[in-house]
Asks: 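Take this structure first; my questions come after.
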Protein chains: 2
Amino acid sequence: MTTSPPRTTRRATPAKEARVPAARGRPRRQLDDSADRRDLILDAAESLFCVHGFHGVTVRQVATEAGVDPALLNYYFTSKRGLFDAVLLRRAEVVNTQRARSMDRYESSTAEMTVEGCLQAFFEPVLTLWESGGDGWRNYLRLIALVNSTPSWGGQAMTQYFDPVIHKLIGLLREVLPEAHAEDLFWCYHFVSGALSLSFADTGRIDNLSGGLCRSNDVAAVRKRLAYFLAAGTTQLCQRMAKTRD
Amino acid sequence: MTTSPPRTTRRATPAKEARVPAARGRPRRQLDDSADRRDLILDAAESLFCVHGFHGVTVRQVATEAGVDPALLNYYFTSKRGLFDAVLLRRAEVVNTQRARSMDRYESSTAEMTVEGCLQAFFEPVLTLWESGGDGWRNYLRLIALVNSTPSWGGQAMTQYFDPVIHKLIGLLREVLPEAHAEDLFWCYHFVSGALSLSFADTGRIDNLSGGLCRSNDVAAVRKRLAYFLAAGTTQLCQRMAKTRD
DNA sequence: TCAATTATTCAACGTTCGTAGAAATAAGTT
DNA sequence: AACTTATTTCTACGAACGTTGAATAATTGA
């Protein structure tokens, strides 16, 4: 208990980069797990980080939730931070290529684009994932919402994926609202982003506030209302600011 | 260093409630501090919690920032959680009575209320505090924004202060938009809250996104645009939903 | 079959965490 | 002055933290 068997001096395992499964020597399938342990860990981490944030979760909690040894997290992801980043990046490309495609499709198939149409093309793919992407996607979007409103987040890896589609949206809006000032379009996105984030955050706040009249995870209720609200806000902001000396 | 002087058995200090300064025996003023140590601690905690969240801050960091001994935090606030709650509650009543008064004033002084007027009466006091309330208020609003979008926050103590003014706002909007469904007004507030939160969160996100064109702490820029955006969104959402079978 | 590689477990390290008891200091009361 | 109470510091506990090295189990290529 107190005294321990003699330990030799520490020597690191040779490779210190995050472990990505190689083709050779990798077991194809676990005995009874349908998914890879690596993915199990990511799922567990996702479900915990999205509720409590990075600092509110311990690697031991993630390990327990995933049903694996804590050391395995470091084996695959090098560090707790590495795990967190891996969770963020896992679905980042998927969601954003879907959004990019959605906007491309809208742009090329529509003769007369509208503000509402652009915004819908921007967020409809995400709503769909939220609605029918399973718990994984729901947790992921919650996590993104949390990260999006956390100041201390210096996530440059994320902007790499998210910024292009945002600029694409702003580009579309610029065509529909040619008289709008550039900065006003950015401010519109700012407000859009805030409303979207809070919706995905799924805090249950509106449930309490409305005495059960509204449910914060009611995708169908959010869908139409978001479109109406954001489109009108964007249009009016830009039009009224365009008339202003400022 | 290794062996310590013999410690007697632990016995707790008699009082275990949070320490609130009494009238008797309390030193009136510290030697060189202009403010009470208790307030210094709250300020330090506020400035750290609003950036890193509850779990991202240690009591030792707060103590260092405040320039006091770590044990003093437990003396005044019993626990880390007690400190966090104290930070939240310190300014909660102030801001919300100001908002309540602002809406009362608007309601009683205006013959023909508007959606934009109601919303402005709701958030203008907060914008003013954000603009000219000093670092303390700016940090506090950041913290509220963070808490507002954190799912794991079971803050019933906060709702006690914040819910009444929200219901007051919804009551005003109901007068201006009598045809609106009740649930739509709650959804409007939901989106309003999201846009406001992200603005106060001051994440610097829009600064990067716009390449410096917008600054996320530019209160003047936010003020008008918020009013335009939210008023149009609210009006349109309610009007269009009112026409819908649903 | 056997050596090489990968995956997983085990036990523990060194550190930092929140918190507590006791002593010391300061202020107020009488 | 002495006494009482409030404030502050000192020291350190026990637990939990992220992480690691070495050992073991599983899988693969030859």
Side-chain angles (χ1 to χ4, degrees), chain A residues 1-33 36-41 45 54-64 66-84, chain B residues 1-33 36-41 45 54-64 66-84:
Chain A
M1 191 74 58
T2 46
T3 52
S4 50
R7 309 264 315 288
T8 63
T9 65
R10 291 289 179 83
R11 270 301 296 119
T13 43
K16 214 58 218 100
E17 311 84 47
R19 182 69 61 153
V20 34
R24 258 261 302 273
R26 180 177 180 221
R28 240 177 254 297
R29 187 64 46 191
Q30 290 318 115
L31 308 136
D32 53 353
D33 294 339
D36 222 316
R37 305 279 260 238
R38 194 174 187 277
D39 289 323
L40 284 181
I41 294 170
F54 177 76
H55 295 289
V57 176
T58 71
V59 301
R60 287 171 158 89
Q61 286 177 308
V62 176
T64 300
V68 304
D69 191 273
L72 199 56
L73 314 206
N74 286 85
Y75 173 73
Y76 277 122
F77 306 104
T78 313
S79 68
K80 183 188 179 187
R81 181 54 183 247
L83 170 61
F84 188 77
Chain B
M1 193 69 62
T2 48
T3 54
S4 51
R7 307 267 313 291
T8 64
T9 66
R10 288 291 178 82
R11 270 300 296 116
T13 42
K16 215 57 220 98
E17 310 85 47
R19 183 68 62 154
V20 34
R24 260 261 301 277
R26 181 179 178 216
R28 243 178 253 299
R29 188 63 49 191
Q30 290 318 113
L31 307 136
D32 53 353
D33 295 340
D36 221 317
R37 305 279 261 240
R38 194 174 188 278
D39 290 323
L40 285 181
I41 294 170
F54 177 77
H55 295 289
V57 176
T58 71
V59 301
R60 286 171 158 89
Q61 286 176 309
V62 175
T64 300
V68 305
D69 190 274
L72 199 56
L73 313 205
N74 286 83
Y75 173 73
Y76 276 120
F77 306 102
T78 312
S79 68
K80 182 188 179 187
R81 180 53 184 248
L83 169 61
F84 188 77

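Hydrogens, waters and symmetry mates play no part in the numbers below; they use all other heavy atoms, side chains included. Labels below follow one simple rule: chain letters A, B, ... track the order of the sequence lines, proteins then strands, and each chain is numbered from 1.
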Asks: Between C:dC10, D:dT8, C:dA20, which nucleotide gets closest to the side-chain atoms of A:Ala71?
Replies: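 Out of C:dC10, D:dT8, C:dA20, the nucleotide with an atom closest to A:Ala71's side chain is C:dC10.
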Asks: Given side chains that start at C-beta, do those of A:His55 and B:Phe54 come closer than 4.5 Å, heavy atoms only?
Replies: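 No, every pair of side-chain atoms sits at 4.5 Å or beyond.
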Asks: Identify the pairs formed between an N or O of the protein and an N or O of nucleotides 16-18 of chain C at a distance under 3.5 Å, and give each distance.
Replies:
from	atom 1	to	atom 2	distance (Å)
C:dG18	OP1	B:Lys80	NZ	3.0
C:dG18	OP2	B:Val59	N	2.9
C:dG18	N7	B:Arg60	NH1	2.6
C:dG18	O6	B:Arg60	NH2	3.2

Asks: Could you tell me the separation between the CG atom of A:Asp36 and the P atom of D:dA26, rounded to a whole number of Å?
Replies: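 Distance, rounded to whole Å: 16 Å.
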Asks: What's the CZ-P distance between B:Phe77 and C:dT19, to the nearest Å?
Replies: 13 Å
Asks: Taking only side-chain N and O atoms of A:Arg37, does any of them lie within less than 4.0 angstrom of OP1 or OP2 on C:dA7?
Replies: no
Asks: Could you tell me the separation between the CG atom of A:Asp39 and the P atom of C:dT8, rounded to a whole number of Å?
Replies: 11 Å
Asks: Within the 4.5 Å heavy-atom criterion, are B:Ile41 and B:Leu72 side-chain neighbours or not?
Replies: yes
Asks: Rounded to the nearest Å, what distance is computed from the CZ atom of residue B:Arg81 to the C1' atom of nucleotide C:dT19?
Replies: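 Going from B:Arg81 (CZ) to C:dT19 (C1'), I get 17 Å.
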Asks: Taking all non-hydrogen atoms of both residues, which atom of A:Leu73 and which atom of A:Ala63 are closest, and how far apart?
Replies: CD1-N, 4.3 Å
Asks: Could you check how far CG of B:Leu73 sits from P of D:dT9, rounded to whole Å?
Replies: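 About 11 Å, once rounded to whole Å.
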Asks: My understanding is that only residues two or more places apart in sequence, or in another chain, count here; which of them pass side chain to side chain contact (heavy atoms under 4.5 Å, CB included) with A:Val57?
Replies: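 A:Val57: side chain to side chain contact (heavy atoms under 4.5 Å, CB included) contacts with A:Leu48, A:Phe49, A:His52, A:Gln61, A:Val62.
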Asks: Testing the basics here: between A:Arg38 and A:Phe77, what is the closest heavy-atom pair and its distance to 0.1 Å?
Replies: NH2-CE2, 3.6 Å
Asks: For A:Ile41 and C:dT8, give me the distance from atom CD1 to atom C1', rounded to whole Å.
Replies: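 So the two atoms are 10 Å apart, to the nearest Å.
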Asks: Using whole Å, report how far OH of B:Tyr76 lies from P of C:dT19.
Replies: 18 Å
Asks: Please report, rounded to the nearest Å, how far the P atom of C:dC10 is from the OH atom of A:Tyr75.
Replies: 17 Å
